[in-house]
Amino acid sequence: MSAGAKSERVGLEGVRLVSEKEAAGGRLAREDLELVVGLEVHAELLTRSKMFCRCSTRFGDPPNTNVCPVCLGLPGALPVVNREAVRLAVIAALALNCRVNLRSRFARKNYFYPDLPKGYQISQYDEPLAVNGCVMIPGPPPKKIRIRRLHLEEDAGKSIHEGDDVTRAAYSLLDFNRCGAPLIEIVSEPDISSPEEARQYLEELRRILEFTGVSDVKMEEGSMRVDSNVSLRRLGQEQPGALVEVKNLNSFRAVVRALAYEKDRQSRILTAGGTVRRETRGWDESLEITVPLRLKETSEDYRYFPDPDLPPLILSEEWLESVKREMPPLPEEKKRYYVDVLGIPAYDASILTSSRKLSRFFDECVSRGADPKAISNWILSELLGYMNSRGLGPDAIPTSPEFLVKLIRLIDIGVISGRIAKDILVKMCETGRDPEEIVREEGLQQVTDRAFLEHVVDEVIAENLSAVEAIKKGRSKAMGFLVGQVMKKTGGKANPELVNIIIKSKLE
Amino acid sequence: MSGGALWNMKASALLELMMAGEVSATEVVEAFLDRISEVEPKVGAFLEVMRDEGLAQARRIDELRQSGEYPGLLGGLPVAVKDNICVAGTRCTCGSKMLANWVAPYDATVVKALKAQGAIIIGKTNMDEFAMGSSTENSALGLTRNPWDLRRVPGGSSGGSAAAVAAGQVPLALGSDTGGSVRQPAAFTGITGLKPTYGRVSRYGLVAFASSLDQIGPLAADVRDVCLLMDAISGFDERDSTSDNRPVPSYTRALSKSAKGLKAGVPRECLTQGVSRGVKECFERALEVMEDLGVEIEETSLPMIRYALDCYYIIAPAEASSNLSRFDGVRYGLRAEANGLEEMYVRTRRNFGPEVRRRIMLGTFVLSAGYYDAYYLRAAKVRTLIRRDFKRAFEEFDILLSPTTPTTAFLLGERTQDPLSMYMADVLTVPANLAGLPALSVPCGFEEDSNSGEDGDGDSGRRLPVGLQITGRPFDEETVLCAGHAFYQAVAPAVEAELARMRKDLGKESCGSACPQAQSPKGSAWKE
């Protein structure tokens, strides 16, 4: 009852919003409302050891095998900052155009939860590692999404509830392997105004973090996690409405669907004259709706204070400069290079730079002397085609740059035809073998034996006299037909140019 | 034995005898174990005595020596360790029910260092629960008495370590000092204790009370023995981000320097803070001794240290409230039976003692939204001002002198009902923790007019020891120890005669009415 009274009081603002609109002579319509979204993204850093101890960050090991007094929060244990984690976080900050603070500080975020062994999480609060960044999303129209801050923190452990339902579980188990893994949290400004923009922002973040080697950003393994703050604002007004936090977004698709759902839900409430409640909701993947999460009975007071176990994190100018110097290229820079220097079409270049692994694969092919355009075509049409059909991601390219370059060279020097090469590529991908080996063992070399080919051409001419007539009447299309017939008879191995020459000479 | 009983000797003397081959480590350890058996029922300094491991290690040291190998700086010397410092395979209770059965799976860095130098860890000593207290009465696991007067407290929170050294149960001990917990019990039990500069000794493996103030420190009969321990435990530790990596001098060697010409300041604020007449007189005599040694003494002022205790009682509980969150019953230590998580937390954490709960509540409050600025942040600013006061003083002086405590050891139960009077015991020691400075307590004499508190029948008539506190510049332990050593040489004959007499009587004294054996005295805080 008192809760109802409270929500009515909170509702006054919303009511006034409607009456103002009415005074202006109309009802509040959906078109008057704009989505306002800020995203908080957690990404696990690609370090070998944890944020504050030397335990491995390997994923998928047996539970509680990568643990020590520090990450288990045993009495007397103390944290020591992982230098590599700081370096990766700084790379991320620079890649996201943030200002890196030479002095930042770790703080304790205090709360009780079984997977949080110290009873506090070491994070950064009022002095984060970096601030004021931005990311461009393609649109249309292109738009700048500002980043408020980027900070370092440690991950918690994992609770496994018997029966997977925390409310009814008879017991819960804890795995601390992930506990203490290094994370960056990237907080955007509320600049995102549609589910599609949110998707683009996340895609762009993922591309940048993956491309710079900061994180492997796999949502399915939990190395990238997203929380969102959603509200609606009347067009032309500064102040957005009540903030709804949506958690449990386990895929980009979930983010898009949840935001669309929230936009719909909140505008329905507002256009009906109601008020949106400030609360935390969770995305229900199976029902495709957001549901209110149980509110903590106390308001969240994390009692942040500077962690006395860790002195302020001071970065020297020189060190920061050295990180900048050794900074891996950003996807946009790489793309520009591909287009401007290598002459790759823009669309192809953006696919090649959609992941670091793919871009590196391409670079290595080029450095082995392959023609950039040819290799790009092969990667985009054949290799990625094969990978897509098998559901392979850029992490699992099934052949090597060395072999792909060899394959193309075999075409160039006329050992195989382009058609056969496509079959060989599939074989390379399936077996991981060297294309030269496949050609040799399976006898796939092109036939360039003139006497043999003349014999085959004679046969084909004899069997297709009508086509020969057509050619003589000047219908050149029929020429292709004859070449095709020769190829067919030779199992695709005949050298097409040579066949062309022979047919022409026979018909003269 | 010519020099008297082995257990009555100092560590440095024992080391010489062992090196000369006159006694074995096994004999030394046996002598102290016998002494523990003899007086422990009266003193109650230990929570655990590692008899078998101690003897086994002693034999190993003897074998090393026999085969001509160097057994380390402390080869064969027994050391007692406060029960908030982890020794692998041994219970580390912190004087709390919460950890009464928790066995540490690893060695604290200082323990590793002690072992590496051939020290023999012979026992874990009693303490105020999680080092919160000034009398060791807040231990949930045992009662420790002051060997000078068994009706009195040994001080705290390192009361077990101090009492063990004073009673001759062990020549060396480690304590931890967050607001005076090494120096104050050293003063109360007539021995020497040092709180090193913050960062000089690794805190890795010390169960945290207030991380920005905690520092492990040695307790021993005199300054030379304190130096022995300091030489073993000082230095940078990559596992403690707050430890300092500047080079460590040999403290033992520094003792040969003269104190002559040192400039000493006496902060006038230190004599107004409830200092008893007896302590004041003793301190003034100590200043005369210092002057005779050629130390130039001058009065000075550190105006901000008036706020030190208030500042301390915001910062220390704030940090403690967070540090003690990990004792939630989930992974180790005591877990109460309950239906559901929330109830388990609540029931489990009810097993903290009243003082610990008081400080957790206080700390939680001062960090809460809406109060943070008014309390924690302001205290942090005051702390900066206190540091500044010290910095200014040390531009002029090499050391600062004050009594270690305002009074001598008080009676068991005398202050348990009044937390503020208990907190006052640390009023003179807390500033060094807030400023991170090295500070030594060295015996300077005895209170003439025994101020025995409310039930002053005073019949045992033994005079109680008084400590002189010497505070120095950051990382200048050398000057502090050097001045302390010079001073102690001058008063040693009188102090050590009393100490020897006390120890002798302690062995003889039957445990009469003055020594209630099993129970805490009335008014002890252990009822809810």
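Numbers restart at 1 for each chain; the letters A, B, ... are given by sequence-line order, proteins then strands.
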Asker: Against chain B, label A/L174 side chain, backbone, both or neither, depending on which of its atoms sit under 4.5 Å from a heavy atom there.
Answerer: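 A/L174 touches chain B through side-chain heavy atoms alone.
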
Asker: Under 3.5 Å, which donor-acceptor pairs do the side chains of residues 329-339 of chain B form with other protein atoms, sequence neighbours left out?
Answerer:
unit_1	atom_1	unit_2	atom_2	d
B/R331	NH2	A/P117	O	2.5
B/R331	NH2	B/R326	O	3.1
B/Y332	OH	A/G73	O	2.7
B/R335	NE	B/G329	O	2.7
B/R335	NH2	B/G329	O	3.4
B/R335	NH2	B/V330	O	2.9

Asker: Against chain A, label B/A210 side chain, backbone, both or neither, depending on which of its atoms sit under 4.5 Å from a heavy atom there.
Answerer: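 Looking at B/A210, nothing touches chain A.
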
Asker: Of all the heavy-atom pairs spanning B/N351 and B/K97, show the shortest one and how long it is.
Answerer: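 Heavy atoms of B/N351 and B/K97 come nearest at O-CB, 3.9 Å.
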
Asker: Which answer fits B/S202, side chain, backbone, both or neither, if we ask what part of it has an atom under 4.5 Å from a heavy atom of chain A?
Answerer: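 For B/S202, there is no contact with chain A at all, as no heavy atom is under 4.5 Å.
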
Asker: Considering only heavy atoms, which portion of B/Y198 lies under 4.5 Å from any heavy atom of chain A: side chain, backbone, both, or neither?
Answerer: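 Only the side chain of B/Y198 comes within 4.5 Å of chain A.
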
Asker: State, to 0.1 Å, how close B/L367 and B/A318 come at their nearest heavy-atom pair, and which atoms those are.
Answerer: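 Looking at all heavy atoms of both residues, the closest pair is CD1-O, 3.6 Å.
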
Asker: Check each atom of A/F176 against the heavy atoms of chain B and say whether the ones under 4.5 Å are side chain, backbone, both or neither.
Answerer: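 Just its side chain gets close to chain B.
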
Asker: Residue by residue, which of residues 100-110 of chain B have a heavy atom closer than 4.5 Å to a heavy atom belonging to chain A?
Answerer: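 Residues B/W102, B/P105, B/Y106 are the ones that qualify, each having a heavy atom under 4.5 Å from chain A.
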
Asker: Sort B/Y371 into side chain, backbone, both or neither according to what part of it lies under 4.5 angstrom from a heavy atom of chain A.
Answerer: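 Neither part.
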
Asker: Applying side chain to side chain contact (heavy atoms under 4.5 Å, CB included), can you list everything that pairs with A/R103, at least two apart in sequence or on another chain?
Answerer: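 A/R103: side chain to side chain contact (heavy atoms under 4.5 Å, CB included) contacts with A/R105, A/E127, A/P312, A/I314.
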
Asker: How far apart are the closest heavy atoms of B/Y204 and A/A77, and which atoms are they?
Answerer: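 That would be CE1-CA, 3.8 Å.
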
Asker: Is there a side chain to side chain contact (heavy atoms under 4.5 Å, CB included) between A/F52 and A/K50 once you walk through the steps?
Answerer: CA-CA 6 Å; A/F52 297 112; A/K50 293 185 180 178; over 6 Å; no

Asker: Is B/R246 positioned over the aromatic face of B/F475, cation under 6.0 angstrom from the ring centre and no more than 45 degrees off axis?
Answerer: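 Judged by the rule (NZ or CZ under 6.0 Å from the ring centre, within 45° of its axis), B/R246 counts as positioned above B/F475.
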
Asker: Hey, would you say the A/F112 and A/Y120 ring centroids sit under 6.0 Å apart?
Answerer: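 They do not qualify: ring centres at least 6.0 Å apart.
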
Asker: Considering non-hydrogen atoms only, spot the tightest contact between B/N84 and B/A131 and give its length.
Answerer: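 Here B/N84 and B/A131 meet closest at ND2-CB, 4.1 Å.
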
Asker: Examine whether an atom of A/D309 lies under 4.5 Å from a heavy atom of chain B, and if so say whether it belongs to the side chain, the backbone or both; otherwise answer neither.
Answerer: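 Both backbone and side chain.
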
Asker: Could you list all the salt bridge (charged side-chain N to carboxylate O under 4.0 Å, His left out) pairs where at least one residue sits in residues 175-186 of chain A, not counting sequence neighbours?
Answerer: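 Matches after skipping sequence neighbours: A/D155-A/R178.
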
Asker: Which one, B/S212, B/S322, B/G340, B/C92, leads in non-hydrogen pairs under 4.5 Å with chain A?
Answerer: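 Most pairs with chain A among the choices: B/S322.
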
Asker: So which part of B/L206 gets closer than 4.5 Å to some heavy atom of chain A, the side chain, the backbone, both or neither?
Answerer: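 Looking at B/L206, just its backbone touches chain A.
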
